[in-house]
Amino acid sequence: MDFYKRAALVCQQIPRGKAASYGQIALLCGKPKNARQVGYALSHGLAGEDVPAHRVVNAKGILSGAAAFATADLQKQMLQHEGVEVFWTEDGWRVDLKKDGWKNTMEDALYLREEFSKKGI
DNA sequence: GCACTGACGCGGG
DNA sequence: TCCCGCGCCAGTG
């Protein structure tokens, strides 16, 4: 499914030290309703192994489990290593999207659109 | 083809 | 702001 290839490209555009939400990824893929599929793709490695899946969280900034990581807090550690603040809440580990959320620019969108057409996806 | 599931999102109360 | 319910759609059995 081309959607997954797009998701992979989008994830790779997330800058170091930033975090993006599933809905945001889906939106940039041109499928605003496919947030769930983004999660599915990453958890099953359908987007490839070289994508920074640790920078993808849900809309609330929660690190939704560690389904695709070797250890439970690997995702948290990688984010902290990149300079992202990670807070512990009763819901789990959370990042401050206000501060460390990826604010995708028009350039990002245009670049992605170009890559999509270039790769025919 | 049908029903159920899931790393989700959003609007309404 | 928090909580709840409904919507979504690709995969899977």
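Reminder, nothing fancy here: chain letters follow the sequence lines and each chain counts from 1.
In this structure, A/Leu27 atom CG and B/dG9 atom C1' are separated by 12 Å, rounded to whole Å. Going from atom CD1 of A/Ile62 over to atom P of C/dC2 covers 11 Å, rounded to whole Å. Counting to the nearest Å, the C1' atom of B/dC8 and the CG atom of A/Leu63 are 15 Å from each other. Between the CG atom of A/Leu28 and the P atom of B/dG9 there is a distance of 13 Å, rounded to whole Å. In this structure, A/Leu97 places its CG atom 14 Å from C1' of B/dC8, rounding to the nearest Å.
Partners of A/Arg55 under the salt bridge (charged side-chain N to carboxylate O under 4.0 Å, His left out) rule, at least two apart in sequence or in another chain, are A/Glu82. Annotation: salt bridge (charged side-chain N to carboxylate O under 4.0 Å, His left out) contacts of A/Asp2 (sequence neighbours excluded): A/Lys5. Listed by chain and number, the residues in a side chain to side chain contact (heavy atoms under 4.5 Å, CB included) with A/Leu97 are A/Ala19, A/Val57, A/Val95 (sequence neighbours excluded). Evaluation of the side-chain hydrogen bond (donor to acceptor under 3.5 Å, both in side chains) rule for A/Gln37 yields no partner, not counting sequence neighbours.
The shortest distance between the side-chain N/O atoms of A/Ser43 and the OP1/OP2 oxygens of B/dG6 is not below 4.0 Å.
Judged by distance alone, with hydrogens and angles left aside, the side-chain atoms of A/Gln75 form a donor-acceptor pair with the main-chain N or O of A/His54 at under 3.5 Å.
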* Protein proximity profile, nucleotides 8-13 of chain C - base contact B, sugar-phosphate-only contact S, no contact -, cut-off 4.0 Å on heavy atoms -> BBSSS-
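When heavy atoms are screened at a 4.0 angstrom cut-off, A/Val57 is found touching no nucleic acid atom at all. A/Ala53 comes within contact range of at least one nucleobase, with a heavy-atom separation under 4.0 Å.
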Using atom types as modelled, flag every donor-acceptor pair under 3.5 Å from a side chain in residues 112-121 of chain A to any protein atom, sequence neighbours excluded.
unit_1	atom_1	unit_2	atom_2	d
A/Glu115	OE2	A/Lys118	NZ	3.1
A/Ser117	OG	A/Glu114	O	2.9

